[in-house]
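Read through the structure below, which is laid out as structure tokens, and then see the notes.
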Protein chains: 2
Amino acid sequence: MHHDTRRWNAEKRVTLKDIARETGVHVSTVSRALDPVERKTITDEVAKRIQAAAESLGYRPNRIAAGLRTNRTMTVGVMIPDITNVIFPPILRGIESVLEPLGYASIIVNTDSERDREIRLLDVLRDRGVDGIIHAAVLRSDPSIAKAAQDGLPVVTLNRKVEASDIPYVINDEDAGICQMLRHLRELGHTRIAHIAGPQDLSTGQLRLAAFRRAAWDLGAEAEEDLIVTATRFDEQEGARCLSALLSSGETFTAVLCANDRLALGAIEALRERGIDCPRQVSVTGFNDMPFLDLIRPKLTTVRIQQHGAGRAAAEILLRLLNGETADDVEIETILPIELVIRESTAPCP
Amino acid sequence: MHHDTRRWNAEKRVTLKDIARETGVHVSTVSRALDPVERKTITDEVAKRIQAAAESLGYRPNRIAAGLRTNRTMTVGVMIPDITNVIFPPILRGIESVLEPLGYASIIVNTDSERDREIRLLDVLRDRGVDGIIHAAVLRSDPSIAKAAQDGLPVVTLNRKVEASDIPYVINDEDAGICQMLRHLRELGHTRIAHIAGPQDLSTGQLRLAAFRRAAWDLGAEAEEDLIVTATRFDEQEGARCLSALLSSGETFTAVLCANDRLALGAIEALRERGIDCPRQVSVTGFNDMPFLDLIRPKLTTVRIQQHGAGRAAAEILLRLLNGETADDVEIETILPIELVIRESTAPCP
DNA sequence: CGAGGTAGTGCAATCGATTGCATGATTTAC
DNA sequence: GTAAATCATGCAATCGATTGCACTACCTCG
């Protein structure tokens, strides 16, 4: 016999072969007796005996071996930009709430919004034979994941969509969110409303900006292009930078509608540094309603998206893909409803 | 040939066999040429040719197959109570920063502090053949993980330790943290200092309570047992409940040293509800310095622990275990230094 | 120039589970 | 009562990579 080079062979695992020896049947019979689907092809008495033996020996199926044969690992990959961004943990729990009860585990990777990293991590996932991928960090143009999906790997994108592809996606009703928020500001009397837009290479940033322009039009005024500044990242630092840019542009404004909460937080901080009060002098709004927002002063008026729900929805679609439905059977677009959350960062126009 | 029952065989993967056929050598030679260690046993010219072929065919090793043979999956399991607790994401990034560059991926699971779930998830991880586990959700007494470690599975615990076992652990200097905090409160003139202790089935809760008693003694006063209330969970709700209990006990106090930030946040909220001002009337302190604390009013005085650093430290120890060092070679205990962070929730004794 | 090395490859077993087909036993049908 | 159908189980190939050992050159040295 060849030498054993395994790592920790202390108590070697119980295998089908052990159960077969114990019960005096062939390993294939054991395999069938333990498979809920194949079980009916086995005499009931024998199946019971095998299951009892499996139980008493403490058998646990080796998913690695099964995975090699069947090409299913019961593991999915989840790609997000950065787990320390508080918006993502609830999403992950939403995904888990659907997948875990069905026996799936997930490998979570952080792309840090770097394309190289994303490509490398995609390989990391494929090398491990994940059955599918939920991708919450795609760019509007993202050839690597599009290629993977083309090859037949089940993929669903979350929060963002990749254009010119038939990858199913779950997003929020950005249009309604921006529109309702703009209306809210109008009702408070604001007319000169600035927009700090998100990165335009992300569908979220692009959709929200488009929605802003459209909403302004719908409300009877063209969007003032000079009052739109575009951030390069969705973070506080960029929020602050964009607000400074607005201030030094010389334009006047009494409200700033930001493409997400972190931009809004940065903007408020920049206002504070200049002694400008939010909301008394300038109203600021966010998008996402990330956790803890109600503990931070001023409490931010924002658009609540379904975080847990988005995770669930994406997982459910992925499941259908995993169960053999093709991208044609599954609806490409899922838009989740939003809800306006009015707190303290918006006030009547001074 | 048997029927192929694989799932998405669209573009079937390139295997060693394909490269072997392409280059006219045996698959074992290909395997060796692609293995950095075995490579030297191969003629340089042949190795180069094989590598070139692998490259041009777009070969990606199948880790499932390799894992079956070698019993190494290059995947580790990470168990935490709940990813939506903001303390954990930085820890995970710390772990990742060490393991990911070495080719490891991690499967993260949330135990929700439920024992059944923990046991089930432990099986989920073992079934997938993880090479080791970083466990940040252990109880002081935790037979299931102790058993796994006994069986030879590399395990490191993080933030908490399991007693009566030789599982290496990485924790914070709870003693120093509590002691420095108590001294800080004393220096502000407080003498009647309450303690909201954490769950005593977690080493963190137990160590911090013990440290509180010891520190009180060291500072020349016995801990007033009536001023100690124990929470059943580390969360805001319990913080509020414990504070109420303190208030209705009839004891007087001017400061509350809490076993972690969430308890402190809950305590402050409960004070606020009763119209008691923190810090003017009662000082409150936390432990951990979780993210966003500086955005929440009043800014919480707390003990900063190394979150990212703890993840890194645990990962480094796990690595040594993975590389064959036994629990005897590795230091069982790693205590990371803490730092007092004085903000606005503590003030001189009124 | 032949014995003893050594280096480079090939061979084949192996990891553990799955599954199409073969086989033998039993039942059903006529 | 025998042919045919049905059922339960065994057999063996397979997934893709790894690796101990065998084998064949060629090399070195005396």
So do the side chains of B:Tyr104 and B:Val98 get within less than 4.5 Å of each other, counting heavy atoms only? no
Per the atom types in the model, does the base of C:dG16 pair as donor or acceptor with the side chain of B:Arg69 at under 3.5 Å? no
Using a distance-only criterion (donor-acceptor N/O pair, under 3.5 Å, no hydrogens), is the base of D:dG16 paired with the side chain of B:Arg63? no
A:Asp35 CG to C:dT19 P, in whole Å, measures 7 Å
Sidechain N-carboxylate O distance under 4.0 Å for A:Glu96, A:Arg93: yes
Between A:Arg49 and A:Glu45, is there a side-chain N and carboxylate O pair less than 4.0 Å apart? yes
Among the candidates C:dT9, D:dA17, D:dT9, find the nucleotide nearest to the side-chain atoms of B:Thr41. C:dT9
What does A:Thr43 touch in the nucleic acid at a heavy-atom separation under 4.0 angstrom: a base, only the sugar-phosphate, or nothing? sugar-phosphate
For the side chain to side chain contact (heavy atoms under 4.5 Å, CB included) test, which of B:Leu99, B:Val130, B:Asp131 pairs with B:Thr75? B:Val130
Taking any heavy-atom pair under 4.0 Å as a contact, classify A:Ser28: base, sugar-phosphate, or nothing. base
Is it the case that over 12 heavy atoms from other parts of the model lie below 6.0 angstrom from the CD atom of A:Glu333? yes
Pick base, sugar-phosphate or nothing for A:Thr15, based on heavy-atom distances below 4.0 Å to the nucleic acid. sugar-phosphate
Measure CZ/B:Arg21 against P/C:dG10 and give the value in whole Å, please. 15 Å
Round to the nearest Å and state the distance from B:Lys17 atom NZ to D:dT14 atom C1'. 9 Å
note: B:Leu68, atom CG; D:dT14, atom P; distance rounded to Å ~ 17 Å
Would you indicate what B:Val30 reaches in the nucleic acid, counting non-hydrogen atoms under 4.0 angstrom: base, sugar-phosphate, or nothing? nothing
Whole-Å distance, B:Ile64 CD1 to C:dT18 C1', equals 15 Å
Could you state the CZ-C1' distance from A:Arg13 to C:dC15, rounded to the nearest angstrom? 12 Å
Ignoring backbone atoms, test whether A:His26 places a side-chain nitrogen or oxygen under 4.0 Å from the OP1 or OP2 oxygen of D:dC11. yes
Would you please confirm or rule out a distance under 4.0 Å between OP1 or OP2 of D:dG10 and any side-chain N or O of A:Thr29? yes
Length of the CD1-C1' vector between A:Ile42 and D:dG10, whole Å: 10 Å
Rounded distance in Å - CG (A:Asn62) to P (C:dT14): 17 Å
Is there a side-chain polar atom (N or O) of B:Ser31 under 4.0 Å from OP1 or OP2 of D:dT18? yes
Taking the nucleotide of DNA chain D with the closest heavy atom to each, which residue, B:Tyr59 or B:Arg32, is nearer the 5' end? B:Tyr59
